[in-house]
K.L.:
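First, the structure itself, so that you have it in front of you.
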Amino acid sequence: VLSHYDADHIGGISALLAGSDTRINTLDDLWPSEGFVDRGDIETPETMTYKQYAELAKEKRKSLQAGETIVLSDGVELDCLIANGLLAGETSDDGEVSDETSTLSENARSLGLRIRYGNFTYWTGGDLPGDRDEESENTITPNLEARVAPQIGNISLLHLHHHGSASSTSEDFLDAIAPKAALISAGDQNDYEHPVLSVVNRLYRDWE
């Protein structure tokens with residue numbers, strides 16, 4: 001599953017598939033048997049990273065919309081609760097997005113998935129934005145955390161949005177989903193200084 005098309009979320013796909021010999025189309029390739037799941041072809045970026053991904057995945061791609069569920073083996077279910085800035089039922093009859101979503105930032109287009117296995121629930125939402133706008137003036141970045149939180153419910157594990165950026169993981173969002181633990185995906189000594197201290201402090205306060 002690819003949350004959205006920023007380079008730090010799809011740029012490593014070829015290396016992942018290539019296996020230990022680091023070369024595509026050799027015997028140790030790790031191609032997913034069920035293919036690739038992404039947000040579809042709505043307002044795709046004109047970046048080389050995206051074009052390389054699209055060429056690599058080809059017909060193995062499946063687009064996911066809010067309201068759809070993927071059922072895996074052993075009772076694992078992936079519920080898509082938000083995609084391309086839309087909750088379930090918010091697309092028009094012909095499947096096209098509204099003018100309101102046509103200028104969304106790439107972060108705001110992230111897939112939001114609630115993964116369930118027995119009593120364990122895990123939420124991952126890519127770079128979904130919260131109550132701060134860090135995007136350019138040419139894009140719209142609504143508070144999607146606030147919109148999707150009521151549908152998520154209480155969860156066992158939260159994968160922090162946007163690598164622990166100040167633009168996500170608001171106090172209201174944490175209060176709504178009440179995670180028991182949190183996972184932060186960020187490179188050591190990264191240039192963005194993720195996770196930011198304010199987000200880490202919010203987590204500590206939530207668990208006090």
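Positions are given from 1, in the same order as the sequence printed here.
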K.L.:
Out of Leu174, Leu157, Thr121, which one pairs with Pro179 under the side chain to side chain contact (heavy atoms under 4.5 Å, CB included) rule?
P.N.:
Leu174

K.L.:
Does some side-chain heavy atom of Trp31 sit less than 4.5 Å from a side-chain heavy atom of Leu17?
P.N.:
yes

K.L.:
Taking only residues two or more places apart in sequence or in another chain, which ones pass salt bridge (charged side-chain N to carboxylate O under 4.0 Å, His left out) with Lys62?
P.N.:
none

K.L.:
At their closest point, which heavy atom of Ala57 faces which heavy atom of Phe36, and how far apart are they?
P.N.:
CB-CD1, 3.6 Å

K.L.:
List the atom of Pro45, the atom of Arg39, and the distance in Å for their closest heavy-atom pair.
P.N.:
CD-NH2, 4.1 Å

K.L.:
Is there a donor-acceptor pair under 3.5 Å between the side chain of Asp29 and the backbone N or O of Asn25?
P.N.:
yes

K.L.:
Can you find a heavy atom in the side chain of Gln52 that is under 4.5 Å from one in the side chain of Ser14?
P.N.:
no

K.L.:
Which atom names give the shortest non-hydrogen contact between Val196 and Ala166, and what distance separates them?
P.N.:
CG2-N, 3.7 Å

K.L.:
Check the angle between the aromatic planes of Tyr50 and Tyr5 and answer parallel, tilted or perpendicular using the 30° and 60° thresholds.
P.N.:
tilted

K.L.:
Tell me every residue that passes ring-ring contact (aromatic ring centres under 6.0 Å, His included) with Tyr122, counting only those two or more places apart in sequence or in another chain.
P.N.:
none

K.L.:
Using the test salt bridge (charged side-chain N to carboxylate O under 4.0 Å, His left out), find all partners of Glu34 that sit at least two apart in sequence or belong to another chain.
P.N.:
none

K.L.:
In the single-linkage hydrophobic clustering (I, L, V, M, F, W, Y; side-chain heavy atoms under 4.5 Å), do Leu2 and Ile42 co-cluster?
P.N.:
no

K.L.:
Can you confirm whether Leu158 sits close enough to Leu183 that some side-chain heavy atom of one is under 4.5 Å from a side-chain heavy atom of the other?
P.N.:
no

K.L.:
Residues two or more places apart in sequence or in another chain: which of them pass ring-ring contact (aromatic ring centres under 6.0 Å, His included) with Tyr192?
P.N.:
His194

K.L.:
Any idea which heavy atoms bring Leu64 and Ala83 closest together, and the distance?
P.N.:
O-CB, 3.7 Å

K.L.:
For the aromatic rings, using the six-membered ring if either is Trp, is the centroid distance between His9 and His162 under 6.0 Å?
P.N.:
no

K.L.:
Please confirm whether the backbone N or O of Ser198 pairs with a side-chain atom of Asn201, one donor and one acceptor, at under 3.5 Å?
P.N.:
no

K.L.:
If you measure from CZ on Arg147 to CG on Leu86, what distance do you get to the nearest 0.5 Å?
P.N.:
7.0 Å

K.L.:
Quick one: does Phe173's side chain get under 4.5 Å of Leu128's, heavy atoms only?
P.N.:
no

K.L.:
When rounded to the nearest 0.5 angstrom, what distance separates CG in Leu78 from CD in Glu68?
P.N.:
12.0 Å

K.L.:
Return yes if a side-chain donor-acceptor contact under 3.5 Å exists between Ser167 and Ser165, otherwise no.
P.N.:
yes

K.L.:
So Gln65 and Glu90, do their side chains get closer than 4.5 Å, heavy atoms only?
P.N.:
no

K.L.:
Is there a side-chain contact between Thr49 and Ile10, using heavy atoms and a 4.5 Å cut-off?
P.N.:
yes

K.L.:
Look up atom CD1 in Ile184 and atom CG in Leu160, then write down how far apart they are to the nearest 0.5 Å.
P.N.:
5.0 Å

K.L.:
For Leu27, does the CG atom sit with more than 12 other heavy atoms under 6.0 Å from it, leaving out its own atoms?
P.N.:
no

K.L.:
Taking all non-hydrogen atoms of both residues into account, name the closest pair between Arg61 and Asp38 and its distance.
P.N.:
NE-OD2, 2.7 Å

K.L.:
Show me the donor-acceptor pairs within less than 3.5 Å that the side chains of residues 110-117 make with the rest of the protein, sequence neighbours left out.
P.N.:
| from | atom 1 | to | atom 2 | distance (Å) |
| --- | --- | --- | --- | --- |
| Ser110 | OG | His4 | ND1 | 3.2 |
| Ser110 | OG | Asn107 | O | 2.8 |
| Ser110 | OG | Asp127 | N | 3.1 |
| Arg114 | NE | Asp79 | OD2 | 3.4 |
| Arg114 | NH1 | Gln151 | O | 2.9 |
| Arg114 | NH1 | Ile152 | O | 3.3 |
| Arg114 | NH2 | Asp79 | OD2 | 3.2 |
| Arg116 | NE | Asp79 | OD2 | 2.7 |
| Arg116 | NH2 | Glu77 | OE1 | 2.5 |
| Arg116 | NH2 | Asp79 | OD1 | 3.0 |
| Arg116 | NH2 | Asp79 | OD2 | 3.0 |

K.L.:
Do Ile155 and Phe120 have side-chain heavy atoms sitting under 4.5 Å apart?
P.N.:
no

K.L.:
Once salt bridge (Lys or Arg N to Asp or Glu O under 4.0 Å) is applied, what residue pairs with a partner in residues 164-184 remain, sequence neighbours excluded?
P.N.:
Glu171-Arg205

K.L.:
Is there a side chain to side chain contact (heavy atoms under 4.5 Å, CB included) between Leu87 and Leu81 once you walk through the steps?
P.N.:
CA-CA 6 Å; Leu87 304 180; Leu81 302 186; 5.7 Å; no

K.L.:
Specify the closest pair of heavy atoms between Ala108 and Pro129, including all atoms of both residues, with the distance to one decimal.
P.N.:
CA-CD, 3.8 Å

K.L.:
Between His163 (side chain) and Ala186 (backbone), is there a donor-acceptor pair under 3.5 Å?
P.N.:
no

K.L.:
Any side-chain heavy atom of Glu145 within less than 4.5 Å of one from Ser168?
P.N.:
yes

